[in-house]
Amino acid sequence: MLRLDWNLAFTVLNLLIWYALIRFFLFKPVNKIISKREEAINARYDDARKLQDEAQAEKEKCEQFQAQIEEEKTKVMAQAQESARAEYDQIVSDAKKKAASIVDASKKDAELQKQKIIGKAEQEIRSLILDAAVKTMQSEHSDGALYDQFLTKAGETTHEEA
């Protein structure tokens, strides 16, 4: 049969006491420290996730803001191009009007010059014709009766024109 040895009973009892002491004084504090560290790590992970979510939200805001800026830039550029085109058209229109007025003034001036030149030419031609007629009459008629008659007619014509 089995005999119970007292040494064996004390060893088992000693092991149970040591197990209870180690469990109470060593394992519980170590488990508490480990659980606190796990909670701290989880808290840091949660904070990191929150920060990451906030950063993502800020990134989306920045992208929206950048899109708005690009849209405004496009609008401003379109308006600037439109106003520049309108100003260009206005400048070209003004230049064409000025050119037309300069051409009209030049035409009028040229017409006046032409009339003056024609008037002077007609006057010189009349003078030459008159001189030629006078010389012809003087050479054909020495008595000057024909010459006097011509001058009388020329005087009447001149008085009638005036």
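In what follows, residues are counted from 1 in the order of the sequence shown. What you see is a predicted model; the values in this text were computed from it and never measured.
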Test item: [X] side-chain N/O and [Y] main-chain N/O as donor-acceptor pair under 3.5 Å:
X      : Y      : answer
Ser106 : Ile102 : yes
Ser127 : Gln123 : no
Asp109 : Ala105 : no

Is there a path of hydrophobic side-chain contacts, each under 4.5 Å between heavy atoms, that joins [X] and [Y]?
X      : Y      : result
Phe10  : Ile17  : no
Val30  : Ile22  : yes
Ile118 : Ile125 : no
Phe24  : Leu21  : yes

Asp46 and Arg49 ion-paired at < 4.0 Å: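 Arg49 and Asp46: salt-bridged.
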Could you measure the distance from the [atom1] atom of [X] to the [atom2] atom of [Y]? Nearest 0.5 Å is fine.
X      : Y      : atom1 : atom2 : result
Trp6   : Thr11  : CH2   : OG1   : 13.0 Å
Asp89  : Lys96  : CG    : NZ    : 9.0 Å
Glu58  : Asp53  : CD    : CG    : 12.0 Å
Arg126 : Leu130 : CZ    : CG    : 11.0 Å
Phe27  : Ile34  : CZ    : CD1   : 10.0 Å
Glu122 : Ile129 : CD    : CD1   : 10.5 Å

Side chains of [X] and [Y] in contact at under 4.5 Å (non-hydrogen atoms):
X      : Y      : value
Ile41  : Arg44  : no
Leu15  : Tyr19  : no
Leu112 : Lys108 : no

So with a 6.0 Å cut-off around [atom1] of [X], is the heavy-atom count from everything else above 12?
X      : atom1 : answer
Glu82  : CD    : no
Glu63  : CD    : yes
Gln113 : CD    : yes

Test log, rule side chain to side chain donor-acceptor pair (under 3.5 Å), inputs Gln115 and Glu111: CA-CA 6 Å; Gln115 292 298 327; Glu111 186 64 34; 3.0 Å; yes
Distance-only donor-acceptor check, side chains Glu38 and Asn42, under 3.5 Å: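 Looking only at side-chain atoms, Asn42 and Glu38 do not form any donor-acceptor pair under 3.5 Å.
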Salt bridge (charged side-chain N to carboxylate O under 4.0 Å, His left out), that's the test. Do Lys73 and Glu70 meet it? Break it down for me. CA-CA 5 Å; Lys73 181 180 98 174; Glu70 285 294 323; 3.6 Å; yes
Chi angles and distances behind the salt bridge (charged side-chain N to carboxylate O under 4.0 Å, His left out) call for Glu71, Lys75: CA-CA 6 Å; Glu71 185 177 321; Lys75 286 180 183 178; 3.6 Å; yes
